[in-house]
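Naming: A, B, ... by sequence-line order, numbering from 1 per chain.
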Amino acid sequence: MMTISLEAGKNLLARLNKEQIAAVTQGFGPSLIIAGAGSGKTTVLIRRIVFLLSELNQDPDSILAVTFTNKAAAEMKQRIKVILGEDITRSLAIGTFHSICARLLRQEIDSYEAEEGWRWSRNFAIYDETDSVNVLKAQITALNLDEKVFPAKQIKHAISAIKNDGFMPGTYANNAKTHRETRLAQIYASYQGALASNNALDFDDLILIVNELMSTNPNLLHRWYQRFRNILVDEFQDTNKAQYDLIRMLAVGSPLKKNPIEDGRERSLMVVGDVDQSIYSWRKADFRIILGFQNDFSDCRLIKLEENYRSTATILEVANSIIANNTERLEKVLRCNRSEGAKGQVYEASDEIDEAYYVAEEIKRLKARGRSLSDIVILYRTNAQSRAIEEILVREHIPYTLVGGTRFYERQEIKDVLAYLKLIYNEKDSQAFLRIINVPRRGIGKVALERLHEFAAQEEISLIEACIKAPGIAGLGAKAQQGLKDFGLRFRHWQALAQANVVSELLAAVLKETRYLELLEEEARATKDELTMGRVENIQELLAVAKEFEAIADEANLESFLTRISLVSDLDSFQEGQSAITLMTLHSAKGLEFPIVFLMGLEEGLFPHIRSLDSPPALEEERRLMYVGVTRAADLLYMTLARRRMFQGRFNNGAPGFSSNYSVPSRFLKEISADLIIGFYPDAKPEQTYSDSRRIPNSAERPRANGVSAVPLGQSNAGKAYRMSENGAMRMSGMTGGANQKGDRQFDAQAYPPLKVGDIVQHNKFGLGQVVQVIGEKNKELYNVEFKETGKRLLDPKFARLTKIS
DNA sequence: CACTTGTGGATTTTT
DNA sequence: TCCACAAGTG
């Protein structure tokens, strides 16, 4: 390893400023790096790792580097590999909290037993949002609770929050105060028990269980404490309590707070973050952790990277003038390294179609002026906004890559096929079982499944065993009996195959023997259905993914394949440099940089989002999101808004929180000094629009996406078609047919008695509640009602039947 | 059991 | 608008 230092050492400090050098070359101990947007923190992190290895003589496997996305981890590894070579890079632990914890649990979970006696084994499944919500639904029903009062999705979010705060079911139950908290504790416990019986963990468990292991098992903690002597955490402002507890335990070797980092050996802990870019509080990230870090580690070094190398002076000033309106900040000034640059360009469109046309026209002009399409990104607050711009981009023949939205691994056909692999890997995974037991059709319906469950419970055998013995189940049709038995035996055969074959071969065998792909191909040929054709392609793509995985993975087995795909996001497969513009949400854009940025939908109620308007901290988070968006831009910044926006099939009126047909420009626009932007005249009506003479015709006359035919009318509600593009990112290539624009719909102003704050009301689902807020005016108001059972809810009196009491 | 039709209800961000 | 799920039909 000594050979590294000369070559690497020389370049290690090249082109770094004083603070960056200080961060890279500091000695051991704890440090906090406050890194403003565009201040080169990734470079610092990478060089710091190289410095630890080559100059401070640290072992590669003493390094733990936590990134926010898998993509960031992959990039970091790639750049280190170039400097230090493959062997060393391979032994570095670089990844997200979730992937690192998953890997650790594959080793350690056998020694974990919950208070309640639940256990998991190393082949645990990782449940995604859908799986978790389904389990939760079943539990809520089993507890005889009303799904209307306890909506599974909302409960999932609540449990997630509890887990991210580090509470196990028992602890939470003991601390439950309100009636609802007691109920929640009950649901939490039965949910967790159900996960255990499926040998499954959800995303949050990955971190929570590692925490439990570490804090209850001193030997185990000590082992990992000995190993990870150099810890680096990126995007530290978006760390939650559970994650921070874990880091602190690993750093100090004890679950108790305030221990010094000392064990007679050299250790370091470097966290890097920017309070102004904290945008994940809804995932229980807490930027106050970064503020408290110096207290927890009193000998902490503080280094501020305040030199911005990315953006023009104007763009930085725009960002600064916006973020200056926040109160909860850590003092920091971004110094600019570039010239003034062009002013921010604002366009007030008449509606979202006009807005999209403006962006498309501008992109064409930029291209004509020699800009590459890959230099351009379009950012928006909500995924739903992508639809309007996509349609125009397709129409104008501007290629684009969509990041987010419906992800590859969430598509039906992919989930189906993967469910086979998951079940083969973890036989207890009932979600996987339910998904595929009748896919393809085996003549097994609801009744047959109930019988099967009863039988399995009665005989105390697994569902798979029960399948094999299905001919012995009374009251089951011959078709179902045979179907179940065949499936059970076939399944055992696949399990045997899995022992001796690589993933792609196993996958191919499953596809062949189930005839899944064959049936799909037949259907595609027969119907010429775009959607089905896309599905066939997606499955072929999955096979390619498996093969690629085998080629590059360190351990190319089923276990690491499944772990990996459970934790990847759409963003992770996004590659820069393609000849296409990029579309994504502001959240996805964190950590990325583009020469040209379009921020769309700058309207009150959309951005800042309606759900944030009545909460000052939430509003500050929206502002940070705006700050993140602006600071993605290096050269040019565009901001657009639509005076009228089609929302759920109608214009703003009637949509929650909008009190008029016309939207109000985002307050963030008003916070920008007027001399930094052009095109924004808060009171003027837009004069010329791009779409006046070419409003989108209805779908029948619309141009076809990429030359393929649109979805036939009858299929319009069957879903969306997606196709893979060359780089593995998704592109929407089908259009939902049958849509026609009816224009503005009239409301008959219904006669309902207006309510005011303080009124007590009765709702037939939610029970008694009190109006705490009235939003909007006249016949369009909405009521924020606090219910005894369910808490606050925003209700539209046009839909919700509210009866005034008293 | 599989498929069609109808209705009600919902709307942020994602590892 | 559009999606999920319930109810109804072959």
Exercise. Can you tell me how far the CD1 atom of A:I473 sits from the CZ atom of A:F455, to the nearest 0.5 Å?
Worked result: 5.0 Å

Exercise. Does any residue of residues 93-103 of chain A have a heavy atom under 4.0 Å from DNA chain B, and if so, which ones, in number order?
Worked result: A:T96, A:H98

For this session: Applying side-chain contact (heavy atoms from CB on, under 4.5 Å), run through A:L206 and A:F97 and close with a yes or a no.
Result: CA-CA 8 Å; A:L206 296 174; A:F97 273 107; over 6 Å; no

Check residues 436-451 of chain A and write down every donor-acceptor pair under 3.5 Å in which the side-chain atom is one partner and the other belongs to a residue at least two apart or another chain.
from   : atom 1 : to     : atom 2 : distance (Å)
A:N438 : OD1    : A:R442 : N      : 2.7
A:N438 : OD1    : A:G443 : N      : 3.3
A:N438 : OD1    : A:I444 : N      : 3.2
A:N438 : ND2    : A:I444 : O      : 2.9
A:R442 : NH1    : A:I436 : O      : 2.8
A:R442 : NH1    : A:I437 : O      : 2.9
A:R442 : NH2    : A:Y420 : OH     : 2.8

Problem set entry | Results of side-chain hydrogen bond (donor to acceptor under 3.5 Å, both in side chains) for A:Q139 - residues two or more places apart only | none

Exercise. Are the ring of A:W282 and the six-membered base ring of B:dT13 within the stacking cut-offs of under 5.5 Å and under 30°?
Worked result: yes

Exercise. Looking at the side chain of A:R387, which of B:dT15, C:dC2, B:dT13 is the nearest nucleotide?
Worked result: C:dC2

For this session: Send over the distance from A:R624 CZ to B:dT13 P, rounded to a whole Å.
Result: 18 Å

Short N/O separations, protein against nucleotides 1-3 of chain B, under 3.5 angstrom:
from  : atom 1 : to     : atom 2 : distance (Å)
B:dC1 : OP1    : A:G445 : N      : 2.6
B:dC1 : OP1    : A:G445 : O      : 3.4
B:dC1 : OP1    : A:K446 : N      : 3.2
B:dA2 : OP2    : A:N438 : ND2    : 3.2
B:dC3 : OP2    : A:R441 : NH1    : 2.7

For this session: Assess whether one donor atom and one acceptor atom, taken from the side chain of A:R381 and the base of B:dT13, lie less than 3.5 Å apart.
Result: yes

For this session: Consider only side-chain N and O atoms of A:Q192 and A:K163, and report whether a donor and an acceptor are under 3.5 Å apart.
Result: yes

Exercise. Any stacking of A:H609 on B:dT13, going by centres under 5.5 angstrom and planes within less than 30 degrees?
Worked result: no

Problem set entry | Any A:R611 side-chain nitrogen or oxygen under 4.0 Å from OP1 or OP2 of B:dT11 | no

For this session: Figure out the CD1/P separation between A:I159 and B:dT15, and round it to whole Å.
Result: 21 Å

Exercise. A:M584 CE to B:dT14 C1': how many Å, rounded?
Worked result: 14 Å

Problem set entry | Contacts of A:E622 that satisfy side-chain hydrogen bond (donor to acceptor under 3.5 Å, both in side chains) - sequence neighbours left out | A:R381, A:S612

Exercise. Could you walk me through whether A:E355 and A:L602 pass the side-chain contact (heavy atoms from CB on, under 4.5 Å) check?
Worked result: CA-CA 11 Å; A:E355 183 190 32; A:L602 283 164; over 6 Å; no

For this session: Could you check whether A:S588 gets within reach of a base, just the sugar-phosphate, or nothing at all, counting any heavy atom under 4.0 Å?
Result: sugar-phosphate

Exercise. Which whole-number value in Å describes the distance from A:E235 CD to B:dT13 P?
Worked result: 20 Å

Problem set entry | A:Y380 vs A:F607, side-chain contact (heavy atoms from CB on, under 4.5 Å): CA-CA, chis, key distance, verdict | CA-CA 9 Å; A:Y380 37 79; A:F607 190 27; over 6 Å; no

Exercise. Yes or no on salt bridge (charged side-chain N to carboxylate O under 4.0 Å, His left out) for A:E147 and A:K137, after CA distance, side-chain angles and deciding distance?
Worked result: CA-CA 8 Å; A:E147 266 193 70; A:K137 259 186 203 153; 5.2 Å; no

For this session: Scan A:K153 against the nucleic acid and name what it touches under 4.0 Å (heavy atoms): base, sugar-phosphate only, or nothing.
Result: nothing

Problem set entry | Nearest-Å distance for atom pair CD/P, residues A:E129 and B:dT14 | 12 Å

For this session: Nearest whole angstrom, please: distance from the C1' of B:dT13 to the CZ of A:F68.
Result: 10 Å

For this session: Could you list the residues that satisfy side chain to side chain contact (heavy atoms under 4.5 Å, CB included) with A:E621, not counting sequence neighbours?
Result: A:S281, A:W282, A:R624

For this session: In whole angstrom, give the distance that lies between atom CD1 of A:I610 and atom P of B:dA10.
Result: 16 Å

Exercise. Is A:N383 near enough to B:dT12 that one of its side-chain N or O atoms lies under 4.0 angstrom from OP1 or OP2?
Worked result: no

Seminar exercise, completed: Separation of B:dT14 atom C1' from A:D204 atom CG, nearest Å, is 11 Å

Exercise. For A:N240 and B:dT15, is the shortest distance between a side-chain N/O and OP1 or OP2 below 4.0 Å?
Worked result: no

For this session: In whole angstrom, give me the gap between the C1' atoms of C:dA4 and B:dT13.
Result: 22 Å

Exercise. Any side-chain N or O of A:T585 less than 4.0 Å from the OP1 or OP2 oxygen of B:dT14?
Worked result: yes

